[in-house]
Enquirer: 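Below is a structure I'd like to ask you about.
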Amino acid sequence: MIISSSPLRLYSPASVTRRQRFRLKRFLEGVSLWLSVLLMLFVHPLYAEANEADNVGQLHFVDGQGQWQEPALVLDSEFDIQVSGLIADTRLLRSFRNTSDQWREGIFVFPLPEKASVYGLTMKVGERTIEGKVQPKETARRTYEKAKQAGQHAANVEQQRPNLFTARVANIPPGETVSVELKYQQPVQYQAGVFELTVPTTLTPRYMPGKALSAAPDQWQGGWAVPTTEVPDAGAISPFTVNPGDVADDSHRAVINLVIDSGLPLESVSSPSHRLATSQDGQTFRVRPDGGEILMDRDFVVRWRPVAGLEPSAAVFHQSWEGEDYLMAMLVPGESGAMALPRDLVFVIDTSGSMAGESIRQARDALQAGLGTLTPRDRFNVIQFNSQTHSLFMQPEVATGNNLARARQYVDRLRADGGTEMAPALSRALEGGGETEDGARVRQVIFITDGAVGNEAALFRQIRQQLGNQRLFTVAIGSAPNRHFMREAARWGRGTYTAIHSPSDVDGPLQALFSAMESPVLTDIGVNWPGQKAGQESFPRRPGDLFQGEPLIHVVRGVPATGQLEVSGRLPGGRDWTRTLDLQQAAPATGLHRHWAREKIDSLEDEAKVTGREPDEAGLTELAVQHGLMSAYTSFVAVDSTPARSSEAPMESDNLPTLLPAGSQAGMLRYPQTATSAPLLIALGLVGLMFSLAIVLLQRRAFS
């Protein structure tokens with residue numbers, strides 16, 4: 001009998017496997033082709049979005065291959081600073097040199113000290129000098145835009161944050177230089193017997209929380225960030241951040257000349273940020289960076305210490321301006337007491353991407369130093385935050401040897417990555433308002449961060465609402481931290497602010513901080529100037545507690561240099577404390593009226609925040625204009641009346657970048673267009689892979 005083998009071959013295991021393979025190939029081919037079609041539909045809006053973003057004025061920074069090209073403008077800066085007593089007066093000259101063959105507009109976002117009072121603007125074009133004027137912000141913008149379109153040389157400087165400003169210079173001729181001179185003053189910081197002055201030169205890119213707004217961006221916003229629900233002006237406070245090699249070899253350099261006349265014999269002048277060259281003439285010191293100009297990639301910090309035993313305990317300064325008297329008093333209480341109560345100490349450390357590099361190492365060292373101050377009577381916790389918040393313990397634990405060992409290991413393993421979602425970390429650190437079960441503990445929070453956030457105002461409100469009876473101390477990390485946020489967060493938190501400038505600078509400032517945390521020197525402070533009416537015009541209106549080594553600085557308008565100033569308070573243990581100052585001993589000073597106006601503006605804005613209402617914009621504008629100050633509502637503008645550029649000649653805009661802060665890692669670089677095209681390139685790569693897979697499968701099918 002002959003039996004056909006066909007049915008057997010049809011149902012053999014080999015034939016079943018081949019059929020399964022065939023069906024699998026057909027299935028994969030279909031899936032690949034459908035995925036390719038879907039990805040093409042996905043890529044199209046990305047391509048359109050990339051094209052739309054590419055048209056927002058930054059094309060000259062990127063060549064046809066998408067590579068960075070250095071800006072056509074070369075930026076030079078020169079700082080001339082004169083310190084007299086407690087006020088530093090600065091002349092800052094910014095020069096924009098056009099190296100291209102086209103007319104240019106230069107736009108530069110830059111930092112100034114957080115308490116800077118900008119009071120003068122001068123534009124220099126060749127031999128001509130044009131004085132700027134203070135105008136309401138929108139009026140100044142219109143004045144500038146009109147002059148820009150008319151081909152006139154023009155300059156505009158406006159405030160984005162109390163420590164962040166934008167300069168615009170229109171119609172810079174090819175091959176020529178236009179300079180803008182700013183004049184500003186700032187109070188000199190004094191704490192624990194040391195004076196300190198900071199000159200910011202760059203900034204750390206800030207994290208912008210919230211959802212992107214769909215509205216079209218403002219034409220005056222030209223940064224790497226898009227406006228969000230929490231930071232609607234993100235585009236105005238996010239200048240591109242590049243390496244020094246990405247700009248011209250002679251660009252982004254600064255010359256700094258500092259003259260210190262403190263009225264006291266000085267023991268030493270030093271800097272934690274730069275090597276110094278100093279010379280002395282009596283009690284006057286002349287200071288500059290050793291080697292001349294510096295790269296604008298870190299803050300320039302100078303400290304000077306009076307001769308031992310001659311540290312100031314009190315000082316009064318007087319100025320007459322436009323028929324009004326202005327007085328400034330500084331008082332350093334000399335008594336303190338040790339804290340008797342145990343503490344709940346919560347350490348909060350920023351581990352976001354902006355802290356990568358040297359900053360996270362400094363932050364870990366600072367936290368380890370804080371752990372070393374704990375005693376078995378204390379309880380503690382460690383909270384880290386980036387895009388997420390994580391606690392070492394569920395609640396503060398007793399500072400036993402075992403718990404401290406766990407904490408030290410935990411801190412050593414911390415690495416920096418992700419976003420700066422600060423609000424959840426603040427909530428966890430401040431939860432409970434500082435109330436403890438036995439009521440016999442003091443709760444203190446130490447916040448260690450670079451402050452690189454754009455939603456400062458919302459965080460200040462959160463601190464005020466959640467603080468309760470605890471205290472918040474801030475430690476600024478990095479070569480260019482957001483000092484405005486750090487100082488104001490500590491003020492709203494009834495604590496103190498400390499800055500760490502370099503790895504070698506950790507021990508001194510932290511030792512002063514931990515000593516101050518042991519107890520306030522004075523609480524319930526009252527300041528009484530002669531005359532009942534004066535109290536309404538003295539600032540700050542509600543002085544906070546004073547910690548060890550921290551001075552009380554008060555300024556008043558309308559009080560002549562006669563009579564006595566009385567300051568009262570309560571010492572640790574409940575003892576009353578009173579001190580009087582003879583105002584007839586006041587030393588002459590300049591700029592006090594501007595300092596008073598700045599303090600009043602800050603006070604009025606604080607009152608608006610506390611009450612949840614909008615600030616009195618008209619009143620604040622009038623006050624700033626009266627004293628010739630830049631503010632959130634006023635700007636400086638200067639216009640040359642003679643047109644320079646014809647209407648036929650085109651003009652391009654350069655949004656000049658800032659330099660990456662020293663010690664930061666490359667992940668903090670912010671180049672134009674890099675974020676826009678990344679999703680597009682990824683999607684195109686996936687499309688290519690899917691098409692390649694489909695083609696391979698079809699080829700195998702054809703030849704199988």
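The figures that follow rest on heavy atoms only: side chains count, while hydrogens, waters and symmetry mates do not. Because the structure is a prediction, the values reported are computed rather than measured.
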Enquirer: Hey, could you give me each pair passing salt bridge (Lys or Arg N to Asp or Glu O under 4.0 Å) that has a residue in residues 197-207? Not counting sequence neighbours.
Expert: Arg206-Glu456

Enquirer: If only side-chain N and O atoms count, and only distance matters, is there a donor-acceptor pair under 3.5 Å linking Glu421 with Tyr207?
Expert: yes

Enquirer: Does Ser631 have any side-chain hydrogen bond (donor to acceptor under 3.5 Å, both in side chains) partners at least two apart in sequence or in another chain, and if so, which?
Expert: Thr634

Enquirer: Test of understanding: with salt bridge (charged side-chain N to carboxylate O under 4.0 Å, His left out), list the residues that count as partners of Asp417, not counting sequence neighbours.
Expert: none

Enquirer: Decide yes or no for Val109 and Thr658: does some side-chain heavy atom of the first lie under 4.5 Å from some side-chain heavy atom of the second?
Expert: no

Enquirer: Can I get a per-line list of side-chain donor-acceptor pairs under 3.5 Å for residues 117-124, giving both atom names and the distance, sequence neighbours left out?
Expert:
residue : atom : partner : partner atom : Å
Tyr119  : OH   : Asp89   : OD1          : 2.8
Tyr119  : OH   : Asp89   : OD2          : 2.9
Thr122  : OG1  : Glu131  : OE1          : 3.2

Enquirer: Given Met296 and Phe110, is the side-chain contact (heavy atoms from CB on, under 4.5 Å) satisfied, shown in steps?
Expert: CA-CA 11 Å; Met296 293 168 57; Phe110 60 96; over 6 Å; no

Enquirer: side-chain contact (heavy atoms from CB on, under 4.5 Å) between Leu203 and Asn482: does it pass, once the steps are laid out?
Expert: CA-CA 7 Å; Leu203 62 143; Asn482 183 355; over 6 Å; no

Enquirer: With a 4.0 Å cut-off on N to O distance, would you call Arg491 and Glu488 a salt bridge?
Expert: yes

Enquirer: Under 3.5 Å, side chain of Asp297 to main-chain N/O of Leu659, donor-acceptor pair present?
Expert: no

Enquirer: How close do Arg483 and Asn163 get, heavy atom to heavy atom, and via which atoms?
Expert: N-ND2, 4.0 Å

Enquirer: Test of understanding: with side chain to side chain contact (heavy atoms under 4.5 Å, CB included), list the residues that count as partners of Asp80, not counting sequence neighbours.
Expert: Glu78, Arg91, Asn257

Enquirer: Can you tell me if His501 uses its side chain to pair, donor with acceptor, with the backbone of Ser271 under 3.5 Å?
Expert: no

Enquirer: Do Leu182 and Phe165 have side chains that approach each other closer than 4.5 Å (heavy atoms only, starting at C-beta)?
Expert: no

Enquirer: Keeping Thr143 on the side-chain end and Thr139 on the backbone end, is there a donor-acceptor pair under 3.5 Å?
Expert: yes

Enquirer: Check side chain to side chain contact (heavy atoms under 4.5 Å, CB included) between Ala597 and all other residues, then give those that pass, not counting sequence neighbours.
Expert: His627, Leu629

Enquirer: Rounded to the nearest 0.5 Å, how far apart are CD1 of Ile81 and CG of Leu197?
Expert: 5.5 Å

Enquirer: Tell me every residue that passes side-chain hydrogen bond (donor to acceptor under 3.5 Å, both in side chains) with Ser238, counting only those two or more places apart in sequence or in another chain.
Expert: none

Enquirer: Tell me whether Arg670 contacts the main-chain N or O of Thr241 through its side chain, where contact means a donor paired with an acceptor under 3.5 Å.
Expert: no

Enquirer: Could you go step by step and tell me if Asp350 and Ile477 meet the side-chain contact (heavy atoms from CB on, under 4.5 Å) rule?
Expert: CA-CA 10 Å; Asp350 183 349; Ile477 296 293; over 6 Å; no

Enquirer: Can you name the nearest heavy-atom pair linking Asn171 to Gln152, along with the distance?
Expert: ND2-O, 2.6 Å

Enquirer: State whether the side chain of Lys600 and the backbone N or O of Phe539 hold a donor-acceptor pair below 3.5 Å, judged by distance alone.
Expert: no

Enquirer: Please round to the nearest 0.5 Å and tell me the distance separating atom CZ of Arg298 and atom CG of Leu660.
Expert: 11.0 Å

Enquirer: Between Ser95 and Asp76, does any side-chain donor sit less than 3.5 Å from a side-chain acceptor?
Expert: no

Enquirer: Between Arg598 and Arg594, is a side-chain contact (heavy atoms from CB on, under 4.5 Å) present by the stated rule, with each step listed?
Expert: CA-CA 6 Å; Arg598 170 58 60 191; Arg594 287 188 286 266; over 6 Å; no

Enquirer: Can you confirm whether Thr498 sits close enough to Phe473 that some side-chain heavy atom of one is under 4.5 Å from a side-chain heavy atom of the other?
Expert: no

Enquirer: Does this structure show an ion pair linking Arg161 with Asp233, if we count only N-O contacts that are shorter than 4.0 Å?
Expert: yes

Enquirer: Contact between Leu213 and Thr229 at the side-chain level, heavy atoms closer than 4.5 Å - yes or no?
Expert: yes

Enquirer: Any non-hydrogen side-chain atom of Leu112 less than 4.5 Å from a side-chain atom of Leu92?
Expert: yes

Enquirer: What are the two closest non-hydrogen atoms of Pro650 and Trp103, and how far apart are they?
Expert: O-CB, 3.6 Å

Enquirer: Report the residues that fulfil side-chain hydrogen bond (donor to acceptor under 3.5 Å, both in side chains) with Ser427, sequence neighbours left out, ordered by chain and then residue number.
Expert: Gln462, Gln466

Enquirer: Looking at every non-hydrogen atom in both residues, tell me the closest pair between Ala116 and Gln186 and how far apart they are.
Expert: CA-CB, 4.4 Å

Enquirer: Indicate yes or no: at least one non-hydrogen side-chain atom of His595 is less than 4.5 angstrom from one of Gln185.
Expert: yes

Enquirer: I'd like to know whether Glu358 forms a salt bridge (charged side-chain N to carboxylate O under 4.0 Å, His left out) with Arg361, so could you lay out the CA-CA distance, the side-chain angles of the two residues, the decisive distance to 0.1 Å, and finally the verdict.
Expert: CA-CA 5 Å; Glu358 188 58 46; Arg361 289 187 285 273; 3.3 Å; yes

Enquirer: For atom CD of Gln160, decide whether the heavy atoms of other residues, nucleotides or ligands shown that lie under 6.0 angstrom number more than 12.
Expert: yes

Enquirer: Got a donor-acceptor contact below 3.5 angstrom from the Asn98 side chain to the Ser100 backbone?
Expert: yes

Enquirer: Students often mix this up, so state it plainly: with edges at 30° and 60°, are the rings of Phe460 and His484 parallel, tilted or perpendicular?
Expert: perpendicular

Enquirer: With Arg168, which residues qualify under side chain to side chain contact (heavy atoms under 4.5 Å, CB included), at least two apart?
Expert: Glu105, Ile107, Tyr144, Asn156, Glu158, Thr166, Trp220

Enquirer: Any heavy-atom pair between the side chains of Ile237 and Val231 that's under 4.5 Å?
Expert: yes

Enquirer: Flag the pair Glu145 / Lys148 as yes when at least one side-chain heavy-atom distance between them is below 4.5 Å, and no otherwise.
Expert: yes

Enquirer: Going by salt bridge (Lys or Arg N to Asp or Glu O under 4.0 Å), name the pairs with one or both residues in residues 607-626, residues two or more places apart or in two chains.
Expert: Arg541-Glu607

Enquirer: Under a 3.5 Å distance rule, please check whether Thr474 uses its side chain to pair with a backbone N or O of Phe447 as donor and acceptor.
Expert: no

Enquirer: Could you report the tightest heavy-atom contact between Gly132 and Ala638, atom names first, then the distance?
Expert: CA-CB, 3.7 Å

Enquirer: Using a 6.0 Å distance limit plus a 45 degree cone around the ring axis, check whether Arg94 lies over the aromatic ring of Phe108.
Expert: no

Enquirer: Listed by chain and number, what are the salt bridge (charged side-chain N to carboxylate O under 4.0 Å, His left out) partners of Arg253, not counting sequence neighbours?
Expert: none

Enquirer: Using a 3.5 Å distance criterion without hydrogens, assess whether the side chain of Thr420 forms a donor-acceptor pair with backbone atoms of Met422.
Expert: no

Enquirer: Answer with yes or no whether the side chains of Asp450 and Ser354 bring together a donor and an acceptor at under 3.5 Å.
Expert: yes

Enquirer: Do the side-chain N and O atoms of Asn386 and Thr351 include a donor-acceptor pair separated by under 3.5 angstrom?
Expert: yes

Enquirer: Return the minimal non-hydrogen interatomic distance between Ala140 and Val637, and the atom names on each side.
Expert: O-CG2, 3.9 Å

Enquirer: Tell me whether Asp299 contacts the main-chain N or O of Val301 through its side chain, where contact means a donor paired with an acceptor under 3.5 Å.
Expert: no

Enquirer: Would you please name every residue forming a side chain to side chain contact (heavy atoms under 4.5 Å, CB included) with Glu230, sequence neighbours left out?
Expert: Pro209, Thr228, Asn455

